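Everything below concerns the one structure shown next.
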Amino acid sequence: MKAIVDCNCFYCSCERVFRPDLLKKPVVVLSNNDGCIISRTDEAKNLGVGMASPYYQNRDLIKKNDVAVFSSNYNLYGDLSMRVMDTLRTLVGEQNIEVYSVDESFVDLASMPKEKLQSFSKKIKDVVEQWTGIRVSIGVAPTKVLAKVANRLSKKNKDQTGCILVLDTEEKIIDALKQTPVEEIWGVGYRYAKKLKETWGIYDGFQLRNVNEEWAGVNLGGVVGLRLIRELKGIPCIELKDPLKQKKMIATTRMFGKPVTELKDLQEAIATYTSRAAEKLRRQHGAATSIDIFLMSNNYKGHYQYNPQTRHINSKLLQPTSHTNELIGYAMPLVEKLFHRGYKYLKAGVILGDIVPEFSIQGNIFKADPAGKRRELMETIDNINFSMRDDVIKYLASGLKRNWKMRQDLRSKRYTTRWEELYRVS
DNA sequence: TCTGGGGTCCTAGGACCC
DNA sequence: TCTGGGGTCCTAGGACCC
């Protein structure tokens, strides 16, 4: 059996940990640049605040109902996420957990006797809540896809389930699938859902489970669709992922706070994103062999129209590297090549690709490598920045004024990572 | 006026090789 | 008259996830 442990409206819950006065009140958290609503509590949901909907469209509703609004505070969420995952690791063992996202983990419960699944899940829930202040929902089933189905229903029917649902019999599985609209199933997105409903009259999980496998192979994206159907039948096809596996690409991309027109600003932004990406790269002990820069601009003619064009350019590196300085060195001329005077730029990004393990790097005879020195420097900078969960030390190329930076007007304090922002009890 | 960021997997098709 | 077969690698793009 497999479980998915999912933090309830994670970002909002993080805010509530330090704002107990908001416990029963509606809360929302906004995306970068304060653009969209990316987390909302049940109270906000019941008021009709849409998930992933633009902030400005909900502004009246929010004002009228006194909803608490926060800009995203990734320093805080990242730190609390780590605490939740560490707690899970101590409970189930490091080798039995796959951290799937900032607020979700899959847990392998293969060795747990069936009759203990319910009580053990309850234990996980209670301990995580007590140690971190974060509430979780848990779905347990024979496969990942079914665990997700269980998880969704556990939240939906909180009052009966207490946020825990174990699907350990065929009857329970069928019943759960009948209650699950096809678009709510993990692996069925907007397009497939539309096709399933409109073209083939398939509306819920139970109907989907009963389609012909070959048919699924043809109509739902090849082997992906086939796996999905089997998982719904209770045949595991998607195993827990190896946590040590390297990412194949690492991206850092962002919208600007306001349109950018100067090359210098673009280069600062790209230097900043490159530093960030390089840091992630070093964290997995990787080195990149290619770098891809993209700029997204407004359509040039006329005034504002949301019809962006994206241009990108890719460059192979002479030798794999994870050194920020070198990567910035590759990136800067690329920005210059892409840049067009007169365009308004809205967004930019860096993608590091063809990642290889760091230890596999061969020496390059054209370049003297001051051996451990650069590595040591990078490690020192990483350690300082990591302890503050922020880029306290940066490259000058990243700029000082940074007038392209995103908006974050409503950010809460970094309670757990800055001394001067510690929570005060008076 | 205003709509996020960071990933994964898979397939098709073209270039190229012997 | 009749002109192979089997591979690999790469890129672009589509679908999905949180």
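As the structure is a computational prediction, the values presented were derived from the model and not from experiment. Numbers restart at 1 for each chain; the letters A, B, ... are given by sequence-line order, proteins then strands.
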Inset, instruction - Assign A/D103 to base, sugar-phosphate, or nothing according to its heavy-atom contacts below 4.0 angstrom with the strands shown. - result: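 Sugar-phosphate only.
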
Would you say [N] has OP1 or OP2 under 4.0 Å from some side-chain N or O of [X]?
{"X": "A/R254", "N": "B/dG6", "answer": "yes"}
{"X": "A/K258", "N": "B/dC2", "answer": "no"}
{"X": "A/S31", "N": "B/dG5", "answer": "no"}
{"X": "A/R227", "N": "B/dC10", "answer": "yes"}
{"X": "A/K148", "N": "C/dC17", "answer": "no"}
{"X": "A/R59", "N": "B/dC2", "answer": "no"}
{"X": "A/K195", "N": "C/dA15", "answer": "no"}

Check every atom of [options] against the side chain of [X] and return the nucleotide holding the closest atom.
{"X": "A/P54", "options": "B/dT3, C/dA15, B/dG6", "value": "B/dT3"}
{"X": "A/M249", "options": "B/dT8, C/dC16, B/dC2", "value": "B/dT8"}
{"X": "A/C36", "options": "C/dC18, B/dT3, B/dG6", "value": "B/dT3"}
{"X": "A/I38", "options": "B/dG4, B/dG5, B/dT3", "value": "B/dG4"}
{"X": "A/V223", "options": "B/dC2, B/dC10, B/dT8", "value": "B/dC10"}
{"X": "A/Y100", "options": "B/dG4, B/dG7, C/dC17", "value": "C/dC17"}
{"X": "A/T252", "options": "B/dG6, B/dC10, B/dC2", "value": "B/dG6"}

Take atom [atom1] of [X] and atom [atom2] of [N], then tell me their distance rounded to the nearest Å.
{"X": "A/L30", "N": "B/dT3", "atom1": "CG", "atom2": "C1'", "result": "12 Å"}
{"X": "A/E231", "N": "C/dC16", "atom1": "CD", "atom2": "C1'", "result": "15 Å"}
{"X": "A/I37", "N": "B/dG5", "atom1": "CD1", "atom2": "C1'", "result": "17 Å"}
{"X": "A/M296", "N": "B/dG5", "atom1": "CE", "atom2": "P", "result": "9 Å"}
{"X": "A/E183", "N": "C/dC16", "atom1": "CD", "atom2": "P", "result": "12 Å"}
{"X": "A/M51", "N": "C/dC17", "atom1": "CE", "atom2": "P", "result": "14 Å"}
{"X": "A/Y273", "N": "B/dG4", "atom1": "OH", "atom2": "P", "result": "13 Å"}
{"X": "A/E184", "N": "C/dC18", "atom1": "CD", "atom2": "P", "result": "10 Å"}

Legend entry - Nucleotide opposite B/dT8 in a Watson-Crick or G-U pair, distances under 3.5 Å: C/dA15

Legend entry - Ring geometry between A/H340 and A/Y343 (parallel below 30°, tilted from 30 to 60°, perpendicular above 60°): parallel

Inset, instruction - Name the residue closer to the 5' end of DNA chain B, choosing between A/G222 and A/G35 according to the nucleotide with the nearest heavy atom. - result: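 This one resolves to A/G35.
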
Inset, instruction - Return the 5'-most residue of the pair A/N32, A/G221 with respect to DNA chain B, ranking by each residue's nearest nucleotide. - result: A/N32

If you measure only the distance, is there a donor-acceptor pair under 3.5 Å linking the side chains of [X] and [Y]?
{"X": "A/Y395", "Y": "A/E268", "answer": "no"}
{"X": "A/S53", "Y": "A/N58", "answer": "yes"}
{"X": "A/T417", "Y": "A/N75", "answer": "no"}

Inset, instruction - Would you indicate whether the side-chain heavy atoms of A/I62 and A/Y55 approach each other to under 4.5 Å? - result: yes

Inset, instruction - Among A/T161, A/N151, A/N8, find the one that has a side chain to side chain donor-acceptor pair (under 3.5 Å) with A/S137. - result: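 For A/S137, the side chain to side chain donor-acceptor pair (under 3.5 Å) test succeeds with only one of A/T161, A/N151, A/N8, which is A/N8.
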
Legend entry - Stacked cation flag A/R311 on A/F294, 6.0 angstrom / 45 deg: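 So A/R311 doesn't make the cation-pi contact.
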
Inset, instruction - Please measure how far the C1' atom in C/dG4 lies from the corresponding atom in B/dC16, and state the result in whole Å. - result: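 C/dG4 and B/dC16 have their C1' atoms separated by 16 Å.
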
